[in-house]
Amino acid sequence: MEQTETNQQVQMPRIGDDAPAFNAATSQGNISLEDYKGKWLVLFSHPSDFTPVCTTEFVGLQEIYPELKEMNTELLGLSVDSVPSHIAWIRSIEENFNTNIEFPVIADLDKQVAMKYGMIMPGESQVETSRAVFVIDDKQKIRSIIYYPLTTGRNMQEILRLVKALQTTDEHGVSTPADWQEGDKAVVSPPKSQEEAAKRAEEEGIEYIDWYISKKDV
Ligand code: BEZ
């Protein structure tokens with residue numbers, strides 16, 4: 001396992017892994033991963049408080065928060081700033097953008113959570129967390145990971161689309177094609193044998209294109 005200059009272990013969780021456990025101070029009190037059991041969680045890191053791109057992201061994340069909640073999904077931010085810094089920044093966002101940030105933000109001053117989740121990219125910055133997004137399902141498995149660099153703000157609609165796609169996969173046993181949006185047809189799992197492939201064209205209720213690609217309404 002890789003070590004940082006301060007001898008902390010760097011972990012890089014992967015899709016399908018159990019989400020690393022944590023208990024952390026946040027802008028809304030202490031929170032552990034366990035508190036989210038039975039809910040989906042979008043755990044994201046940002047480089048630091050009081051920075052412009054991060055501020056636009058927080059406004060955007062608060063805008064999509066009600067839709068995430070409708071999908072049984074919570075939001076939890078993280079940076080290596082302190083709780084007072086988070087509080088001051090959240091108050092400034094409210095004053096300047098008329099936006100009340102309702103989700104909690106981890107104050108990861110000792111980088112304990114950032115290291116467990118591989119949120120620091122030492123080649124980009126040793127001191128700031130990059131723009132990581134971990135989608136963790138209701139059984140606390142990591143289902144998707146997105147990384148953006150310090151200088152690029154994330155796309156809020158893509159975060160919503162990703163959670164919706166993952167939940168649609170779980171609910172209907174389908175995959176979702178490129179640029180899929182809620183209401184679009186989903187992809188039926190490809191046949192696993194020649195016999196299944198031969199029968200695919202006769203299946204009811206699917207849009208058959210070829211033996212390996214069919215779609216259906218979900
Ligand atoms: C920003 O949020 O504006 C930002 C933070 C770190 C590096 C570059 C930009």
Side-chain angles (χ1 to χ4, degrees), residues 2-14 19-20 22 24-29 31 33 36 40-69 73-136 142 144-163:
E2 204 184 317
Q3 308 274 130
T4 62
E5 283 168 359
T6 50
N7 239 10
Q8 285 166 302
Q9 287 188 333
V10 181
Q11 266 175 256
M12 293 296 285
R14 292 165 296 190
F22 60 79
T26 82
S27 52
Q28 296 181 9
I31 290 184
L33 177 67
Y36 293 100
W40 288 63
L41 173 65
V42 174
L43 170 65
F44 70 95
S45 55
H46 67 277
S48 61
D49 297 347
F50 295 102
T51 48
V53 177
C54 298
T55 302
T56 61
E57 286 190 326
F58 263 54
V59 172
L61 286 160
Q62 179 57 41
E63 272 168 19
I64 64 166
Y65 190 35
E67 272 181 86
L68 286 171
K69 281 184 148 176
T73 304
E74 281 299 323
L75 257 181
L76 175 61
L78 176 150
S79 75
V80 297
D81 299 287
S82 65
V83 167
S85 168
H86 287 337
I87 294 171
W89 184 40
I90 286 167
R91 288 171 68 95
S92 129
I93 292 173
E94 186 165 6
E95 267 171 39
N96 291 308
F97 297 91
N98 201 22
T99 298
N100 181 21
I101 301 299
E102 292 171 314
F103 53 85
V105 188
I106 294 175
D108 198 27
L109 282 172
D110 57 7
K111 301 185 186 147
Q112 286 292 321
V113 183
M115 288 300 167
K116 286 183 178 180
Y117 278 83
M119 289 167 166
I120 292 185
M121 304 271 142
E124 188 179 38
S125 172
Q126 291 272 357
V127 291
E128 295 155 309
T129 39
S130 294
R131 300 183 195 279
V133 180
F134 290 83
V135 181
I136 298 168
I142 294 180
S144 186
I145 305 172
I146 306 174
Y147 281 106
Y148 270 47
L150 298 175
T151 49
T152 310
R154 287 159 283 198
N155 185 309
M156 303 303 139
Q157 293 309 309
E158 178 57 10
I159 293 171
L160 277 180
R161 193 190 78 94
L162 177 57
V163 173

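In each ligand, atom 1 is the first atom listed, and ligand 1 is the first ligand listed.
- To the nearest 0.5 angstrom, Ile31 atom CD1 is 4.0 Å from Thr26 atom OG1.
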- Message: salt bridge (charged side-chain N to carboxylate O under 4.0 Å, His left out), that's the test. Do Arg161 and Glu158 meet it? Break it down for me.
- Response: CA-CA 5 Å; Arg161 193 190 78 94; Glu158 178 57 10; 2.7 Å; yes
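- With sequence neighbours left out, the side chain to side chain contact (heavy atoms under 4.5 Å, CB included) criterion links Ala132 to Ser45, Met119, Phe134, Tyr147.
- When ring centroids are compared, Phe103 and Phe58 come within the 6.0 Å threshold.
- The stretch residues 44-59 participates, sequence neighbours left out, in these salt bridge (Lys or Arg N to Asp or Glu O under 4.0 Å) pairs: Glu57-Arg131, Glu57-Arg154.
- Residue pairs meeting the side chain to side chain donor-acceptor pair (under 3.5 Å) criterion with at least one member in residues 97-108, sequence neighbours excluded: Gln62-Glu102.
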Please tabulate, line by line, the atom pairs linking an N/O of ligand 1 to a protein N/O at a distance below 3.5 Å, with the distance in Å to 0.1, or answer 'none'.
unit_1	atom_1	unit_2	atom_2	d
ligand 1	2 (O)	Thr51	OG1	3.0
ligand 1	2 (O)	Val53	N	3.1
ligand 1	2 (O)	Cys54	N	2.9
ligand 1	2 (O)	Arg131	NH2	3.1
ligand 1	3 (O)	Pro52	N	3.3
ligand 1	3 (O)	Val53	N	2.7

